[in-house]
Amino acid sequence: RFRRISQAIGMAAVLWAAWALAVLLPDQQAAGLAVGRASPRDIKASSQVTYVSDVETRLARDEAALLVPVVYTLPDPSVGRAQLERLAEIQETVSEARERADLTSEARIALLMELPEFDADDPAWESMLTLSASTWEMLCEESVRVLSLILGSEVRPTDLSRARLDIQRLMAYTLTLRDRNVITAMLFDLVVPNTFLDTEATEAKRSQAREQVQPVVRTIVTGEAIVREGEIITDEIYEQLHVLGLANVQVRWQKQVANLGIGLLIVLVMVFYTTKVHPELIDHPRQQLLLVLTLAAVTLAARLLVPGHLILPYIVPSAAAAMLIALFLNIQYATLVSMVAAVTISFIGNGSLDLTVYVLLGSLVGSLALMRTEQLNAFFRAAVALTIANVAVLLLSSIRGESYDTLGLLQLAGTGALSAVLASMVCLVAYVFTGRLFGVTTALHLMELARPTHPLFRQLLIKAPGTYHHSILISNMAERAAEA
């Protein structure tokens, strides 16, 4: 009894280890997928997904915020008053230089050079000293008027050049060119910004604009190309990969523990079924090894080939697992393996209902077709039956999803047929070459033992011909009884 329990525990441990390896194995489809890197392969959506796109929502909100004009403060009156006071100081300095008749023109110009606004290359400053008193008084009044008009309106830092050009535009049209140049020389540096960017008000309006943008809802349809080989992965593409479960994202340890727990439950149910329904399997280590290796192969193959692919999961000969068990063990165990394989592949394939039904029905039909195999043409019949089942499931799933066309239906039919042929070929090869390895007596093995040229038969025929003929008669009678 202890040996049987230890063997059952060993069987459960191996099966659970295969499940754990498949769950914890890094996703090969996600390798090399990162923003800014070139995609190593073509990736298409294996299912339809509708989600709220954080990336596109952020871009839409940023675009709405950029459309909001910047907010400036109201014109500051103190700026205008300060500049008018400075203009008065300039005019007073020029007037003092004009009144110094005892000085040479060079000395009077030297007095003007103390002004920061003085430009030695501008002849207008020298003209101020030679103007008549009435003209100078008139230009002083005009310059005050023009500067008051300019600084009385909004002058932004970005509009400073335009505001300085307004000096010429706002002057009285009766002024001569010389008079215009004099006023321009006095006012050019006095025209400064009097309104400035209000950062808080601008950000408040932009935040309001962002809030008014509704979240962007995106739908990825089955078969949609997410990224092409060699294409640079952008934030939008990476988000789609993440939604489809194809991005190399960090998996929470709680999810990993839950996945391992689900695998443990499946394994425990299988072992309990074996000990209660087919306890004899525990006493046959090689047949037990066949079951374990078959399920482990299905689990690992699904982990490597199912995620991130649209067509490949339907080409993988997943039905071969149940068909092999039907060949080498019995149809009851093949049915159990069919359900376990369907659940496993569905779990790894993100719960695809179509894929689950495809694997389950294909495995059941294939195992039933090979339930009693006495001739090699049984594999051909199994391939035909499995092709019909696969094609029917794929076509009906496409019609149910309303995503089909003539070319698509033909491709699905070819996919189902190819999977059926591959499954039958795998079973045929295993049937021919691995039966003895797992201690299973197959029809081919019996045919080989029954051939008259077998060394044992030749010795029996030569040394005991009566016994040989009697054995032949008894075996024929037993075969007829078994067939009846």
Side-chain angles (χ1 to χ4, degrees), residues 44-48 221-223 294-295 297-328 331 333-373 376-431:
K44 294 184 178 181
S46 57
S47 59
Q48 180 168 318
V221 300
T222 303
T294 301
L295 289 174
V298 170
T299 303
L300 296 178
R303 184 66 180 87
L304 294 173
L305 301 177
V306 171
H309 295 284
L310 181 63
I311 301 298
L312 189 57
Y314 297 93
I315 299 179
V316 175
S318 52
M323 294 167 68
L324 284 174
I325 300 303
L327 275 174
F328 292 144
I331 188 62
Y333 245 114
T335 302
L336 179 63
V337 170
S338 299
M339 293 186 290
V340 172
V343 171
T344 301
I345 294 177
S346 172
F347 182 84
I348 296 175
N350 295 324
S352 173
L353 177 62
D354 295 339
L355 184 59
T356 304
V357 174
Y358 178 82
V359 174
L360 178 60
L361 293 184
S363 299
L364 291 175
V365 170
S367 58
L368 289 172
L370 291 182
M371 189 172 131
R372 293 181 179 178
T373 303
L376 294 180
N377 59 7
F379 293 93
F380 175 77
R381 294 196 301 269
V384 174
L386 185 55
T387 298
I388 295 174
N390 287 349
V391 173
V393 171
L394 290 175
L395 294 182
L396 291 176
S397 296
S398 298
I399 295 174
R400 181 178 65 87
E402 298 182 357
S403 57
Y404 60 91
D405 52 45
T406 303
L407 180 59
L409 294 178
L410 292 177
Q411 291 177 342
L412 290 175
T415 299
L418 179 59
S419 177
V421 172
L422 291 176
S424 298
M425 291 177 62
V426 169
C427 292
L428 177 59
V429 173
Y431 185 75

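We number each residue from 1, following the sequence as shown. Keep in mind it's a predicted model, so treat the numbers as computed, not measured.
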Enquirer: Apply side chain to side chain contact (heavy atoms under 4.5 Å, CB included) to the pair Ser363 and Met339, showing each step before the final yes or no.
Expert: CA-CA 8 Å; Ser363 299; Met339 293 186 290; over 6 Å; no
Enquirer: Please identify each residue that fulfils side chain to side chain contact (heavy atoms under 4.5 Å, CB included) with Leu422, with sequence neighbours left out.
Expert: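 For Leu422, the residues satisfying side chain to side chain contact (heavy atoms under 4.5 Å, CB included) (neighbours in sequence not counted) are Ile315, Pro317, Leu418.
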Enquirer: What pair of heavy atoms forms the shortest contact from Ala342 to Thr356, and how long is it?
Expert: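 Looks like CB-O, 3.8 Å.
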Enquirer: Do you know which two heavy atoms are closest between Thr387 and Ala420, and how far apart they sit?
Expert: OG1-CB, 3.1 Å
Enquirer: Please report the shortest heavy-atom distance between Ile325 and Ala334, naming the atom on each side.
Expert: CG2-N, 3.6 Å
Enquirer: Between Gly366 and Leu386, which heavy-atom pair has the shortest distance, and what is it?
Expert: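 Closest pair (atom of Gly366, atom of Leu386, distance): N-CD1, 4.4 Å.
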Enquirer: Give a yes or no answer on whether the side chain of Ser419 reaches the backbone of Thr415 with a donor-acceptor pair at less than 3.5 Å.
Expert: no
Enquirer: Under the side chain to side chain contact (heavy atoms under 4.5 Å, CB included) rule, what do Ile331 and Ser367 come out as? Steps first, then yes or no, please.
Expert: CA-CA 7 Å; Ile331 188 62; Ser367 58; 3.8 Å; yes
Enquirer: Where do Leu324 and Cys427 come nearest, in terms of heavy atoms and distance?
Expert: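 Here Leu324 and Cys427 meet closest at CD2-CA, 3.9 Å.
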Enquirer: For the pair Tyr314 and Val393, evaluate side chain to side chain contact (heavy atoms under 4.5 Å, CB included) and give the outcome as yes or no after the intermediate values.
Expert: CA-CA 11 Å; Tyr314 297 93; Val393 171; over 6 Å; no
Enquirer: Could you report the tightest heavy-atom contact between Ser318 and Val359, atom names first, then the distance?
Expert: OG-CG2, 3.6 Å
Enquirer: Residues in side chain to side chain contact (heavy atoms under 4.5 Å, CB included) with Val384, at least two apart?
Expert: Phe380, Ile388
